[in-house]
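The structure under discussion appears below in the form of structure tokens.
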Protein chains: 2
Amino acid sequence: MRWDQLAEDDCPVARALSVIGDRWAALILRDALRGVTRFDAFHARLGCSRAMVAKRLAELVDQGVFELRAYQDHPPRHDYVLTDRGRALGPIVMMMAQWSETWLPQRRSSPLRRRHKDCGQLFQPVLVCSECREPVEPGRVEYPDLAPSRRRATTDRQGQSA
Amino acid sequence: MRWDQLAEDDCPVARALSVIGDRWAALILRDALRGVTRFDAFHARLGCSRAMVAKRLAELVDQGVFELRAYQDHPPRHDYVLTDRGRALGPIVMMMAQWSETWLPQRRSSPLRRRHKDCGQLFQPVLVCSECREPVEPGRVEYPDLAPSRRRATTDRQGQSA
DNA sequence: AATATGAGTTTAATTATTGAACCCACTATG
DNA sequence: CATAGTGGGTTCAATAATTAAACTCATATT
């Protein structure tokens with residue numbers, strides 16, 4: 001299976017990955033969410049080849065994650081500005097950061113702080129259930145459309161709790 | 001910059017991507033969260049080469065996302081079972097699905113339903129602020145540790161050095 | 001025996017990515 | 001004026017990653 005076939009996949013996770021399931025695309029998005037808009041700024045932060053930056057930015061524009069906003073005409077130049085669709089990817093990136101901070105050994109610097117503009121406080125992202133508004137703990141989700149029981153491996157040794 | 005250097009990066013998003021920033025790793029994780037535990041089952045769902053499945057599974061075991069649980073000894077065989085660390089990646093995958101369902105054109109089948117075991121209802125994942133418990137809307141986050149203002153497209157080069 | 005299963009490994013061919021240099025249209029400096 | 005610098009790329013040869021298909025190995029089933 002090739003990259004571009006993911007976009008045709010029936011699974012929404014696969015289709016999301018056709019957009020951000022590449023390390024460079026995801027890192028470009030991270031930087032864009034922090035305010036980067038220029039080619040050279042992306043390149044400087046990413047540390048990958050210029051060709052890669054150009055290619056991924058072009059793909060992300062095609063996918064409607066970025067739009068081009070001209071900031072000068074004569075040598076035509078533009079900013080890469082996130083669209084609504086692109087900004088909506090923010091929660092995925094926030095959950096990645098959150099997972100890292102919780103589960104991976106920390107590197108040197110203190111984690112990047114985030115402020116919620118609505119309440120003014122520094123915060124952590126928390127994923128809650130749309131119905132009961134309680135945090136959704138790992139392992140407390142099931143998929144009624146899949147095989148009768150999701151936790152069962154033919155020869156079951158022991159279910160783990162969680 | 002190479003793949004393996006991401007793990008050393010100072011940014012938590014980059015470090016998370018060193019684990020799941022690859023389409024196959026992310027799809028393996030998706031399937032694991034839905035209950036898949038066997039090599040051939042991952043391979044059948046992914047549609048990539050067996051070599052790739054073997055490699056990614058081995059990496060994910062190294063990174064502590066999966067652990068091996070033997071289910072027979074003589075030809076030694078095992079299930080790939082998510083660890084706590086691995087299960088904690090669930091919210092990232094849920095937010096990916098959520099984004100797809102909201103922002104990408106739908107394919108044929110109805111989206112996979114999720115049930116929250118704590119309240120028993122079908123739900124959507126919602127990302128809220130840990131402080132005020134309100135949903136964090138796109139664009140309502142700022143980063144006080146970055147350059148004074150994160151949104152400037154027309155104001156040019158200010159020294160910043162993150 | 002012969003076939004099947006589960007979990008990989010090997011190999012050659014194909015793709016993707018890199019680093020470095022190059023290009024273009026301007027702007028600023030001497 | 002001549003030269004260098006900037007922003008945003010493209011091109012190209014070399015290197016790395018990925019693929020499909022075949023192969024291995026131990027055991028189970030027919």
Side-chain angles (χ1 to χ4, degrees), chain A residues 1-7 17-18 20-28 31-32 36-62 66-81 153-157, chain B residues 1-7 17-18 20-28 31-32 36-62 66-81 152-160:
Chain A
M1 188 198 260
R2 289 193 324 282
W3 209 181
D4 49 322
Q5 300 193 334
L6 266 191
L17 288 168
S18 75
I20 49 152
D22 168 90
R23 54 185 171 295
W24 302 129
L27 288 171
I28 284 173
D31 290 337
V36 172
T37 60
R38 301 275 169 95
F39 184 95
D40 276 10
F42 286 116
H43 178 239
R45 286 159 175 271
L46 264 49
C48 65
S49 67
R50 299 177 69 76
M52 184 80 289
V53 179
K55 191 173 179 209
R56 287 289 176 269
L57 281 173
E59 287 168 2
L60 290 166
V61 169
D62 282 351
F66 285 107
E67 62 188 10
L68 301 178
R69 178 123 63 206
Y71 67 87
Q72 85 180 25
D73 285 328
H74 258 317
R77 292 290 179 261
H78 44 260
D79 288 301
Y80 291 89
V81 180
T154 351
T155 332
D156 200 331
R157 265 300 151 101
Chain B
M1 187 197 261
R2 289 192 323 282
W3 211 180
D4 49 321
Q5 300 193 334
L6 266 192
L17 289 167
S18 75
I20 47 152
D22 168 271
R23 54 184 171 293
W24 302 128
L27 289 171
I28 283 173
D31 290 337
V36 173
T37 60
R38 301 276 169 96
F39 184 94
D40 276 10
F42 286 116
H43 179 238
R45 286 158 174 270
L46 262 50
C48 66
S49 67
R50 300 178 69 76
M52 183 81 288
V53 179
K55 191 174 178 208
R56 287 287 175 270
L57 281 173
E59 287 168 0
L60 290 166
V61 169
D62 282 352
F66 285 108
E67 62 188 11
L68 300 179
R69 179 123 61 206
Y71 68 88
Q72 85 180 22
D73 285 330
H74 257 316
R77 293 288 178 261
H78 43 260
D79 288 301
Y80 290 88
V81 181
R152 35 118 239 182
T154 39
T155 321
D156 266 336
R157 53 207 163 265
Q158 300 287 46
Q160 30 67 31

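Quick note on labels: first sequence line is chain A, next is B, and so on, each numbered from 1.
If you measure from atom NE2 of A/H43 to atom P of C/dA20, you get 10 Å, rounded to the nearest angstrom. In this structure, A/L68 atom CG and D/dG7 atom C1' are separated by 15 Å, rounded to whole Å. Atom P of nucleotide D/dG9 and atom CD1 of A/I28 are separated by 11 Å, given to the nearest angstrom. Counting to the nearest Å, the P atom of D/dA16 and the CG atom of B/D22 are 18 Å from each other. A straight line from CG of B/L46 to C1' of D/dT18 spans 13 Å, rounded to a whole angstrom. Rounded to an integer number of Å, the gap from B/Q72 CD to D/dT27 P is 9 Å. Distance B/M52 CE to D/dA20 C1': 14 Å, rounded to the nearest Å.
Between B/A41 and B/V36, the shortest heavy-atom distance links the atoms CB-CG1, 3.6 Å. For B/F42 against B/A32, the heavy-atom pair with the smallest separation is CE2-N, 3.8 Å. Residue A/C48 comes nearest to A/V53 through the heavy atom pair SG-CG2, 3.8 Å, listed as atom of the first residue, atom of the second, then distance. Pairing each heavy atom of A/W24 with each of A/L46, the nearest pair is CZ3-O, 3.7 Å. Here the closest heavy-atom approach between residue A/L17 and residue B/R23 is recorded as CD1-O, 4.2 Å.
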Sugar-phosphate atoms are those with a prime plus P, OP1 and OP2; base atoms are the rest. Using that split, label each nucleotide of nucleotides 7-14 of chain C B, S or - for protein heavy atoms under 4.0 Å, 5' to 3'.
-> BBBB----
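The residue among B/P75 and A/P75 whose nearest nucleotide of DNA chain D lies closer to the 5′ end is A/P75.
Annotation: ring-ring contact (aromatic ring centres under 6.0 Å, His included) contacts of B/H43 (sequence neighbours excluded): none. Residues that satisfy the side chain to side chain contact (heavy atoms under 4.5 Å, CB included) test with B/P75, not counting sequence neighbours, are B/Q72, B/R77.
Counting heavy atoms from C-beta on, the side chains of B/Y71 and B/R38 come closer than 4.5 Å.
Using a 4.0 Å cut-off, some side-chain N or O of A/H74 falls inside it from OP1 or OP2 of C/dC26.
Applying the side chain to side chain contact (heavy atoms under 4.5 Å, CB included) test between B/Y80 and each of B/L60, B/L68, B/I28 identifies B/L68 as the sole match.
One end of the helix from C/dA1-D/dT30 to C/dG30-D/dC1 points its axis 0° away from the other end's axis, with each axis taken from 5 pairs and the angle rounded to 10°.
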